[in-house]
Amino acid sequence: MYRKQVRRRRAVLALLVIGSFVLLTATYQGSRGFQGGVSTIFSPVQSVADRALKPARDLVGWFDKTFDARGENSRLKEQLVKAREQAVAGQVAMQENAQLRKLVDLDTGPTLAASAYKEVTGRVIARSPTVWRSSVSIDVGSGDGVQVDDPVISGDGLVGRIASAEPGSSQVMLLTDHASAISAKVVPAGVQGVIKPEVGNPEDLVLDFIDSTGKEIRGMAVVTAGWRAQGLASHFPAGLPVGEVTRASVFEQEANQQVHVRPYADLRNLDFVQVLTGGSRQ
Amino acid sequence: MILTPQILVRIVAIAFLGVLLQLSFFSQVELFHVSPDVLPALVVCLALLGGSLTGAVCGFAIGLFVDCLLVEALGITSLVLLGIGYGAGLFRERFEIHGALIPALLCMGLTLLAELGFAVIQLMLGIDAPVSTLIIRDMLLKSVYAFFLAWPIYLGVRRALRPALVEDPKVRRRREPTVLGT
């Protein structure tokens, strides 16, 4: 009797292990219809749970932020000084830009390519529990015009892109996901590269494959490059703020062709995001 | 554990609630920059009360449900959770659980094992980005959180599944006078 039970237990275990491998293989072959269906069915429940648990999340968040507040304060003061300097420089540059535009007779329409996009606001309803996958689910989907690869932003900057879209929900691959790679450039230095994450550290991105100019680029802003060539175009419009260069040692720039970037968007505390729909398909 | 349709419904409800709480609450809060992961602890508690088969099936089902909701690669979370569910169940079948600390310590150890398992599978499947050493801090803190969260989870799951637990001390104590009186 006992042996029969053991045999049955082992058979079920073997079946479950084989089942896991079959599912894994099926997923990597591109079959995700079943997941989409389940996600669509449960997204309203997740949305309700998300709203109901918001006060509790805020309470825990308050404790966490209190621990960080002291370090944050001094960092913000430094940033404020830099921002003032940049604002003055920016105003001068805008004035010069307007004068130069008049000289070459350019139209004065919106300069940011993002203006061609339509924003769809979504609420974050679920988040991946592991750092190896950095994704969130939002309560807007293909029914709202959201499509795969649409850029996603928050009030602070770029957050990621749509990885999959169902009728009532969609999954956002964050900048910190290991599969994320976005062409970006440092402004005003003009150095271009590819923004990649450092898995496990949501406050650090790596701007890789950069052409070192030997210039000091620490503290400069990083924005999306938004390239367009031979009928192909980046999914991201040019000029979306991504982050700020925090570490740019000469060795890393010369030997590894990379610098470190802190994302503007707080990717760990996202409540609402905006999906930029329609832009590159128009 | 005596599995009746009512107990199965309760287990499904516990698993559903656990997944919902994880994705909507625990994954979205951080203490010391790390989010707690209650799912390994939940699977361990179910396995400690129900045995290796219950643990493995619950682990597989919970993992599958999580991957479906997040539209992630199916099978990875299932594989990891069924492994720790089976392991915790085997422990329960081979050793007596006397101390109140044992479920919490098991949750802590097996959460760490689950995090390591997840890391190994992800690395085997390929990571296209550099990996930070902070991942070690993440794993260790997650297992510490699991130690503290194991208490309410274990007590809650045991309370919900009490009618099915043949070895529950409270059930045995209540029956003793009846036996002596006959």
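Chain A is the first sequence line, chain B the second, and so forth, proteins listed ahead of strands; every chain is numbered from 1.
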Counting only heavy atoms closer than 4.5 Å, note whether B:L81 contacts chain A via side chain, backbone, both or neither. neither
Which of B:I127, B:L123, B:T133 touches chain A most, by non-hydrogen pairs under 4.5 Å: B:I127
Counting heavy-atom pairs under 4.5 Å with chain B, which one of A:A52, A:A163, A:A181, A:A56 comes out on top? A:A56
Specify which of B:A119, B:G126, B:S35, B:G83 makes the most heavy-atom pairs with chain A at under 4.5 Å. B:A119
Heavy-atom proximity to chain B below 4.5 Å, by part of A:L270: backbone
Classify the ring geometry between A:F42 and B:F65 as parallel (under 30°), tilted (30 to 60°) or perpendicular (over 60°). perpendicular
Does any part of the side chain of A:V199, heavy atoms only, come nearer than 4.5 Å to the side chain of B:Q122, both counted from C-beta? no
Minimum side-chain heavy-atom gap B:S132-A:D204 below 4.5 Å: no
Walk me through it: do A:V131 and B:I135 pass the test side-chain contact (heavy atoms from CB on, under 4.5 Å)? CA-CA 8 Å; A:V131 287; B:I135 212 109; 3.4 Å; yes
Residue part contacting chain B, namely of A:Q171, when any heavy atom lies under 4.5 Å: side chain
With a 4.5 angstrom heavy-atom cut-off, could you sort out which part of B:V34 is near chain A: side chain, backbone, both or neither? neither
Nearest-0.5 Å distance that lies between atom CZ in A:R8 and atom CG in B:L53: 6.0 Å
Residue that, paired with A:W132, satisfies side chain to side chain contact (heavy atoms under 4.5 Å, CB included) out of B:V131, B:D138, B:I76, B:I121: B:V131
Would you call A:V136 and B:Q28 a side-chain contact if the rule is heavy atoms closer than 4.5 Å? no
What verdict does the side-chain contact (heavy atoms from CB on, under 4.5 Å) test give for A:V12 and B:F60, after you've listed the backbone C-alpha separation in whole Å, the side-chain angles of each residue and the deciding distance to 0.1 Å? CA-CA 11 Å; A:V12 173; B:F60 179 84; over 6 Å; no
Straight-line distance of B:S24 OG to A:K54 NZ, nearest 0.5 Å: 13.0 Å
With no hydrogens and no angle check, is any side-chain donor or acceptor of B:R137 less than 3.5 Å from a backbone partner on A:G200? no
State the CZ-CD distance between A:R9 and B:E93, to the nearest 0.5 angstrom. 4.5 Å
Show, in sequence, the C-alpha distance, side-chain angles and deciding distance for A:L16 and B:Y86, and conclude whether the side-chain contact (heavy atoms from CB on, under 4.5 Å) test is met. CA-CA 11 Å; A:L16 292 176; B:Y86 189 74; over 6 Å; no
Please name the pair of heavy atoms, one in A:P129 and one in B:Q22, separated by the smallest distance, quoted to 0.1 Å. CB-NE2, 3.4 Å
Pick one of side chain, backbone, both or neither for B:I136, based on which atoms fall under 4.5 Å of a heavy atom in chain A. neither
Does the side chain of A:E203 come within less than 4.5 Å of B:L134's, by heavy atoms? no
Are any non-hydrogen side-chain atoms of A:L23 and B:L79 less than 4.5 angstrom apart? no
Do A:S135 and B:E72 get their side chains close enough for a donor-acceptor pair, meaning under 3.5 Å? yes
Below 4.5 Å from any heavy atom of chain B, which atoms of A:I125 appear? Answer side chain, backbone, both or neither. backbone
Rounded to the nearest 0.5 Å, what separation is found between the CG atom of B:L69 and the CD atom of A:Q46? 4.5 Å
Just so I understand: if I count every heavy-atom pair under 4.5 Å between each of B:L21, B:V66, B:L20 and chain A, which residue has the most? B:L20
Sort B:S78 into side chain, backbone, both or neither according to what part of it lies under 4.5 angstrom from a heavy atom of chain A. both
Do you know which of A:S180, A:S43, A:S128, A:G19 has the most heavy-atom pairs under 4.5 Å to chain B? A:S128
Could you tell me if the side chain of B:L82 sits less than 4.5 Å from the side chain of A:L13, heavy atoms only? yes
Step-by-step side-chain contact (heavy atoms from CB on, under 4.5 Å) determination, B:T77 to A:R133: CA-CA 11 Å; B:T77 317; A:R133 299 164 178 172; 3.5 Å; yes
Rounded to the nearest 0.5 Å, the OG atom of A:S169 sits from the CG atom of B:L70 at a distance of 10.0 Å
